[in-house]
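Written out below as structure tokens is the structure these notes cover.
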Amino acid sequence: MTEKDIRIPKQKRSMEKKQKIKEAAIRLISERGYHKTSSNEIAKEAGVSIGTFYSYFKDKKELYKELVADIYSVVTSPINPEELPQDMPVRDIVHLYISTVFRGHEYETAFQREIASLSEQSDEFREIEMQHKANLTQLFSNILGQYGEELRTEDLKTASYLILTTVEAVVHDITFHKGGKNKKAVIEELTDMIVRYLFREKV
């Protein structure tokens with residue numbers, strides 16, 4: 001199967017088939033884990049032939065990569081600089097980002113736990129995530145760059161990395177481990193902490 005053989009769904013029925021495959025993969029991988037789920041099982045769960053599966057995805061890993069991309073799109077779309085109001089207070093932007101990450105992890109939580117686990121176990125799977133994280137870091141850095149001299153730091157890329165890594169760690173702890181923490185209070189305190197870190201005076 002070559003790249004040019006992979007079908008790009010355009011018709012509604014074709015798009016629905018591809019979506020069924022993706023939904024089946026999320027269900028099975030969430031229940032069994034990536035390595036214990038085969039392409040044949042995903043096709044069967046989706047109600048399609050294995051040939052249909054391979055018409056949309058080169059292999060199971062390519063399907064996994066697309067599922068990870070879908071997850072990250074949930075997080076990045078609300079903070080697209082082109083979509084944000086120009087006069088939106090920075091605290092609201094930070095709060096929006098943190099809230100969006102929480103919502104993103106509440107979407108298919110078991111599957112996202114598997115993503116995190118695979119990334120820790122293998123450099124190969126970590127690399128799949130790293131490109132998305134790099135893109136998210138650049139996106140957040142571009143947002144911060146609009147505030148110029150108001151910022152405490154000139155190293156926006158490193159600051160963005162620290163913020164995104166911190167937020168992800170907190171979200172993983174609360175979402176994956178159910179520690180009984182007050183999510184609303186955590187979001188508010190984390191927002192204030194990040195704003196104080198970034199800006200010379202609270203904005």
Side-chain angles (χ1 to χ4, degrees), residues 22 25-26 29-30 33-35 61 63-81 83-84 88-147 151-199 203:
K22 292 165 74 170
I26 287 176
I29 292 172
S30 297
Y34 175 86
H35 293 298
K61 184 171 288 183
L63 167 57
Y64 175 80
K65 287 179 180 179
E66 186 161 327
L67 294 174
V68 173
D70 289 347
I71 293 289
Y72 272 88
S73 71
V74 172
V75 175
T76 57
S77 57
I79 59 168
N80 185 332
E83 302 295 330
L84 294 174
M88 188 174 186
V90 68
R91 189 186 188 282
D92 290 352
I93 294 175
V94 174
H95 191 280
L96 173 63
Y97 170 70
I98 297 171
S99 300
T100 302
V101 174
F102 266 105
R103 285 196 297 272
H105 280 74
E106 288 162 359
Y107 164 73
E108 303 296 353
T109 300
F111 179 73
Q112 295 206 54
R113 187 182 291 113
E114 179 68 4
I115 293 175
S117 177
L118 288 169
S119 293
E120 290 298 320
Q121 295 172 25
S122 163
D123 289 342
E124 181 181 14
F125 283 93
R126 181 170 176 77
E127 186 59 33
I128 293 173
E129 260 206 291
M130 288 309 295
Q131 185 56 57
H132 294 290
K133 288 184 177 181
N135 293 339
L136 187 53
T137 298
Q138 186 59 55
L139 175 64
F140 206 75
S141 179
N142 291 343
I143 293 172
L144 294 180
Q146 301 173 14
Y147 294 92
L151 294 168
R152 292 180 183 274
T153 179
E154 295 180 1
D155 189 351
L156 299 184
K157 188 173 182 179
T158 300
S160 296
Y161 164 78
L162 291 172
I163 291 166
L164 301 182
T165 303
T166 300
V167 170
E168 183 179 66
V170 171
V171 172
H172 281 191
D173 184 63
I174 292 178
T175 306
F176 294 164
H177 304 300
K178 305 293 184 184
K181 301 175 184 67
N182 184 324
K183 184 179 75 173
K184 183 177 180 181
V186 168
I187 291 174
E188 294 300 327
E189 289 299 316
L190 187 54
T191 298
D192 286 340
M193 183 184 79
I194 290 171
V195 171
R196 286 195 296 269
Y197 160 67
L198 285 173
F199 290 90
V203 292

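It should be emphasised that the depicted structure is a prediction, and the values quoted were computed from it without experimental measurement.
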Can you tell me which residue among Thr191, Ile174, Val171 is in a side-chain contact (heavy atoms from CB on, under 4.5 Å) with Val186?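 Going through the options one by one, the only one that passes is Ile174.
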Heavy-atom distance under 4.5 Å between the side chains of [X] and [Y], does that happen here?
| X | Y | answer |
| --- | --- | --- |
| Val170 | Ile98 | no |
| Asp192 | Arg196 | yes |
| Leu136 | Leu139 | yes |
| His132 | Ile71 | no |
| Tyr97 | Ile194 | no |
| Asn135 | Thr76 | no |
| Glu168 | Val101 | no |
| Val90 | Leu198 | no |

Using every non-hydrogen atom in the two residues, find where [X] and [Y] come nearest and quote the distance to one decimal.
| X | Y | answer |
| --- | --- | --- |
| Ser160 | Phe140 | OG-C, 3.7 Å |
| Ser141 | Leu156 | OG-CB, 3.3 Å |
| Ala116 | His172 | CB-CE1, 4.0 Å |

Using atom types as modelled and distance alone, determine if a side-chain donor or acceptor of Gln112 lies under 3.5 Å from a backbone N or O of Gly104.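 Side chain of Gln112 to backbone of Gly104, a donor-acceptor pair under 3.5 Å: yes, one is there.
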Going by the rule side chain to side chain donor-acceptor pair (under 3.5 Å), which residues pair with Thr175 if we only count those two or more places apart in sequence or in a different chain?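 So Thr175 forms no side chain to side chain donor-acceptor pair (under 3.5 Å) with any residue.
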List for me each residue that meets side chain to side chain donor-acceptor pair (under 3.5 Å) alongside Ser117, sequence neighbours excluded, and say none if there are none.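 Residues passing side chain to side chain donor-acceptor pair (under 3.5 Å) with Ser117: Gln121.
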Indicate yes or no: does Glu127 engage Lys133 in a salt bridge with an N to O separation below 4.0 Å.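 A salt bridge is absent here (no side-chain N lies under 4.0 Å from a carboxylate O).
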Run Glu106 and Lys183 through salt bridge (Lys or Arg N to Asp or Glu O under 4.0 Å) and show every step you take. CA-CA 12 Å; Glu106 288 162 359; Lys183 184 179 75 173; 2.6 Å; yes
In terms of heavy-atom contacts, does CG of Asn182 have more than 12 from other residues, nucleotides or ligands at under 6.0 Å?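 More than 12 within 6.0 Å, yes.
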Tyr72 atom OH: more than 12 heavy-atom contacts under 6.0 Å: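 More than 12 within 6.0 Å, yes.
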Does Asn142 have any side chain to side chain contact (heavy atoms under 4.5 Å, CB included) partners at least two apart in sequence or in another chain, and if so, which?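 With sequence neighbours excluded, Asn142 shows a side chain to side chain contact (heavy atoms under 4.5 Å, CB included) to Gln138, given in chain and number order.
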Relative to each other, are the rings of Phe199 and Tyr147 parallel, tilted or perpendicular (30° and 60° limits)?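 Correct class here is perpendicular.
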In terms of relative ring orientation, are Tyr34 and Tyr64 parallel, tilted or perpendicular, with 30° and 60° separating the classes?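 It falls in the perpendicular class, over 60°.
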Roughly how far, to the nearest 0.5 Å, is CG of Leu118 from CZ of Arg113?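 Between Arg113 CZ and Leu118 CG, I get 13.0 Å after rounding to 0.5 Å.
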